[in-house]
Amino acid sequence: MPRDRFRRETSEDGGSHMSDVRVRFAPSPTGTLHIGSARTALYNFLFARHHQGVMVLRVEDTDLKRSRREHEVSIIRDLHWLGLRADEGPDVDGGYGPYRQSERTALYEDGVQRLLETGWAYRCFCTQERLDALKREQLARGEMPKYDRLCLNQSLETVRARLRAGEEATVRFKVPAGDVSFDDLIHGPITFSADVIGDFILRRTDGGFAYNYAVVVDDAGMKITHVVRGEDHITNTARQLMLYRALDEPAPAYAHHSLILGPDGGKLSKRHGATSIGEFRDMGYLAGAVVNYLALLSWHPGGEREKFTLEELVAEFDMSRVSKSPAVFDLDKLNWLNGLYIREMGSAELSEQVRPYLHEEGIALAEGQRDIVSAAIQSNLVVLEDAPRYARVFVEELSLPASVHLEVLHEEGVAGVLALLREALAGGGDEYPPVEEAKAILKQVADACKDKGIKGKAIYKPLRVALTGLDQGPELFYLVSGLGRSRILERLDAALTYLDERGSA
RNA sequence: GCCCCCAUCGUCUAGCGGCCUAGGACAUCGCCCUUUCAAGGCGACGGCGGGGAUUCGAAUUCCCCUGGGGGCACCA
């Protein structure tokens, strides 16, 4: 069975290359970019890029009450952050605009007039009350709610008269009888019976246009070849296909991907925690990790690889390998991937990334400290937001007597160990000695200790407590390197003084 | 209620009639490494929803059931 059923030849140029694929991502600017929408955008992007096609961004702001320009701006910003830049959209003209539905009403109106003229649509004067009652009755009878076509066969004169009398009317589409089917790129063949579809509204009494209709006018007008969207639109497809036929426009191919579910199997929502891209970004998830995770959520190229850059995803992406079943959002796996990406960063880059998070918690690192601290905490980080928690030890003041681990210093020979490090550092040098140097210093201390029969834990535990007051933290050499020579000496002195006073007491 | 879609470890998935004693990853647990926390290495646990049918042979094909998801608006 051929898996390249989405291939279309461009007949005009002899089919020498794949047709110019055009996909669109069409968010409503009624909120921020949701994790689910981001995945839809990603699949569109991957598909378009894989086929050297174009992705257009269309803003579906038909609902003027809920749509806001600031949301449009934030959605675009979030897409850019993910690396998903549309080739055409409100901010990049590609000759198929305008790219906001609110600016396309003339096009919708034209289409409605055409449908009215060709008999594919008709005016409906039914009131909301009548429609509500009708629906109630049908439901009570166990039938599927569906418009009963009361207004279908009015004469032209009647219609004109009622319109002239000022009666409000909607325009309905006259749903043709028969089956509608299409070959979904992900699901395969899907068929609907027109019996279950009522004559739906194209234009509302307030002059606004219905989603299912506007989408078709737009996709046709923008020469969209492939519609990649969520499964929640699968039933809309039947209506839209009918409209293409009525408008005499070629229909695009469809790919309906599954939805993302929460850990409880329900639709992913706020109660499951963070759901917007912005929230993840703010917590310190990396764009690459989020993209990688989202791609793997219901898609896999086969093989055992788990890590893919956006470019690699583009190269590997294959719509026929997108899973049909819904996927549960698994924060654990995202966390793992994010940690993986963080660990692969260079310490200079990590320093940069982590800086605002440290700043926010009032942690200001000295110039020479930054990269050392980054390297020290790198393997502990799941998200950048974790940084202050681990970096704090490098800047915090220490009151040794307050430490709950004081008794570690009470062991035999501790004063000697501390004195050795003191000695090794007292010679002077960089305030923040390079890690290699710190390692050498500690080696020197350890060697000297060995001669006195002290080793392992007996060396390192007291040093750690004397330097930080804690029994856990970064590798000791990172502390020696990143804490600052003068501060270390101060702390060793303080510990030594403490031991001294304790001994003489 | 009606229509549509889906169904492999807890989770994401590989699998497209024999390579399956069902592979990988996350999570969990254990061991190792290690001065601590991590990271890393090794290992363990764990799954084809149920029932029929086709076939020499079914996780893979077909039917029914069950379960889950989505849709049925003058929302998008």
Side-chain angles (χ1 to χ4, degrees), chain A residues 1 3 26-28 30 60-63 65-67 101 124 126-128 131-132 135 138-147 168-172 184 186-187 190-193 195-198 200-212 214-215 230-238 256 258-259 261 263 265-267 293 296-307 321 323-337 339-340 343 376-382 390 442 446 455-465 468 470-476:
Chain A
M1 124 128 8
R3 299 265 57 175
S28 298
T30 54
E60 310 218 318
D61 56 351
T62 317
D63 185 350
K65 289 176 284 289
R66 292 193 298 145
S67 297
Q101 291 192 322
C124 171
C126 292
T127 61
Q128 191 62 59
L131 295 174
D132 289 344
K135 185 172 174 179
Q138 288 168 326
L139 248 18
R141 262 180 274 139
E143 290 168 17
M144 189 167 185
K146 179 177 158 183
Y147 180 59
E168 291 199 316
T170 59
V171 174
R172 280 187 190 271
D184 192 279
I186 293 169
H187 291 276
I190 296 176
T191 301
F192 290 92
S193 163
D195 296 350
V196 303
I197 300 169
F200 52 94
I201 285 169
L202 264 23
R203 193 182 63 197
R204 301 189 287 260
T205 48
D206 67 2
F209 296 92
Y211 166 80
N212 275 307
V215 160
E231 229 172 41
D232 48 342
H233 287 289
I234 212 158
T235 31
N236 287 330
T237 309
H256 290 96
S258 64
L259 271 16
L261 309 180
K267 213 170 160 183
Y293 177 70
L296 254 28
L297 200 55
S298 69
W299 173 82
H300 200 279
E304 293 177 354
R305 202 142 67 107
E306 298 286 335
K307 190 173 172 287
R321 289 191 67 95
S323 166
K324 296 196 250 275
S325 39
V328 172
F329 185 78
D330 181 17
L331 190 62
D332 282 330
K333 185 145 184 180
L334 207 211
N335 283 341
W336 169 73
L337 265 172
L340 192 64
R343 273 169 253 133
I377 66 174
Q378 190 160 23
S379 69
N380 289 290
L381 305 182
V382 170
Y390 296 103
L442 283 168
K455 55 181 177 151
K457 278 193 177 73
I459 304 171
Y460 301 108
K461 255 187 122 177
L463 282 177
R464 178 177 297 283
V465 171
T468 67
L470 304 170
D471 70 340
Q472 63 164 73
E475 302 263 19
L476 210 47

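Each chain gets a letter, A, B and so on, in the order its sequence line appears, and its residues count up from 1.
Rounding to whole angstrom units, CG of residue A/Leu261 and P of B/U13 are separated by 10 Å. A straight line from CD1 of A/Ile190 to P of B/C5 spans 6 Å, rounded to a whole angstrom.
Closest contact between the side chain of A/His300 and the listed nucleotides B/C4, B/A14, B/G70 involves B/A14. Between B/C75, B/U13, B/G15, one nucleotide has an atom nearer to the side chain of A/Arg321 than all others, and that is B/G15. Residue A/Asp330 places its side chain closer to B/U11 than to any other of B/C3, B/A76, B/U11. Nearest to the side-chain atoms of A/Val328 among the listed nucleotides B/U35, B/C12, B/G71 stands B/C12. Minimum atom distance to the side chain of A/Pro145 is reached by B/G1, of the listed B/G1, B/A7, B/C75. Which of B/A14, B/G70, B/C12 sits closest to the side chain of A/Lys333 comes down to B/C12.
In this structure, A/Glu475 reaches the bases: a heavy-atom distance under 4.0 Å links it to at least one base atom across the strands shown. Counting any heavy atom pair closer than 4.0 Å across all strands shown, A/Pro263 reaches no nucleic acid atom. Using a 4.0 Å heavy-atom criterion, one finds that A/His233 contacts the bases of the nucleic acid, with or without backbone contacts as well. Nucleic acid contact class of A/Arg464 (heavy atoms, under 4.0 Å, all strands): base. The residue A/Asn236 sits close to a base: some heavy atom pair falls under 4.0 Å. In this structure, A/Glu60 reaches the sugar-phosphate backbone alone: every heavy-atom distance under 4.0 Å involves primed, P, OP1 or OP2 atoms, never a base. Contacts of A/Gly473 with the nucleic acid, taken as non-hydrogen atoms under 4.0 Å apart, include base atoms. Contact annotation for A/Leu381: no contact, since no heavy-atom pair falls under 4.0 Å across all strands. Counting any heavy atom pair closer than 4.0 Å across all strands shown, A/Glu231 reaches sugar-phosphate atoms only and no base atom. A/Gln472 comes within 4.0 angstrom of a nucleotide base, judged by non-hydrogen atoms across all strands. A/Ser298 comes within contact range of the sugar-phosphate backbone alone, with a heavy-atom separation under 4.0 Å but no base atom that close. Nucleic acid contact for A/Ile201: base, since at least one base atom lies under 4.0 Å from a heavy atom of the residue. Heavy atoms of A/Lys146 sit nowhere under 4.0 angstrom from any nucleic acid atom.
Of the C1' atoms belonging to B/C45 and B/A25, the separation is 16 Å, rounded to the nearest Å. Nucleotides B/G10 and B/U61, compared at atom C1', are 30 Å apart to the nearest Å. Here the separation of B/A76 from B/G71, taken at their C1' atoms, is 13 Å to the nearest Å. Atom C1' of B/G23 sits at a distance of 45 Å from the matching atom of B/C75, rounded to the whole Å. B/G1 and B/C16 are spaced 37 Å apart, taking the C1' atom of each and rounding to whole Å. Comparing B/A58 with B/G70, their P atoms are spaced 36 Å from each other, to the whole Å. Going from the C1' atom of B/G24 to that of B/A73 covers 45 Å, rounded to whole Å. Going from the P atom of B/G47 to that of B/U8 covers 14 Å, rounded to whole Å.
Atom OH in A/Tyr147 sits 7.5 Å away from atom OG1 in A/Thr170 (nearest 0.5 Å). Within the model, atoms CZ of A/Arg172 and CG of A/Leu202 stand 10.0 Å from one another, a figure rounded to the nearest 0.5 Å. Atoms CG and CD1, from A/Asp184 and A/Ile234 in turn, are 5.5 Å apart once rounded to the nearest 0.5 Å.
A/His187 has a side-chain polar atom (N or O) that falls below the 4.0 Å cut-off from OP1 or OP2 of B/C6. Within the structure, every side-chain polar atom (N or O) of A/Arg305 is placed at least 4.0 Å from both OP1 and OP2 of B/U13.
Side chain to side chain, A/Thr237 and A/His256 meet the donor-acceptor criterion of an N or O pair below 3.5 Å. Remark: the A/Ser28 side chain and the A/Thr30 side chain contain no N/O donor-acceptor pair separated by less than 3.5 Å.
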Check step by step if side chain to side chain donor-acceptor pair (under 3.5 Å) holds for A/Gln101 and A/Thr62.
CA-CA 6 Å; A/Gln101 291 192 322; A/Thr62 317; 2.5 Å; yes
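Map A/Trp336 and A/Thr191 each onto its nearest nucleotide of RNA chain B; the residue landing nearer the 5' end is A/Thr191. Projected onto RNA chain B by closest heavy-atom contact, A/Phe209 and A/Glu306 fall at different nucleotides, the more 5' of which corresponds to A/Glu306.
Nucleotide B/U54 forms no Watson-Crick or G-U wobble pair with any nucleotide shown, as no partner meets the under 3.5 Å limit on both distances.
Taking 3.5 Å as the limit, the base of B/A39 and the side chain of A/Ser379 contain no donor-acceptor pair of atoms between them. Contact of A/Thr205 with B/C74 (side chain to base): a donor-acceptor pair of N or O atoms is detected under 3.5 Å.
Remark: aromatic rings of A/Tyr211 and A/Phe200 are distant, center separation not under 6.0 Å.
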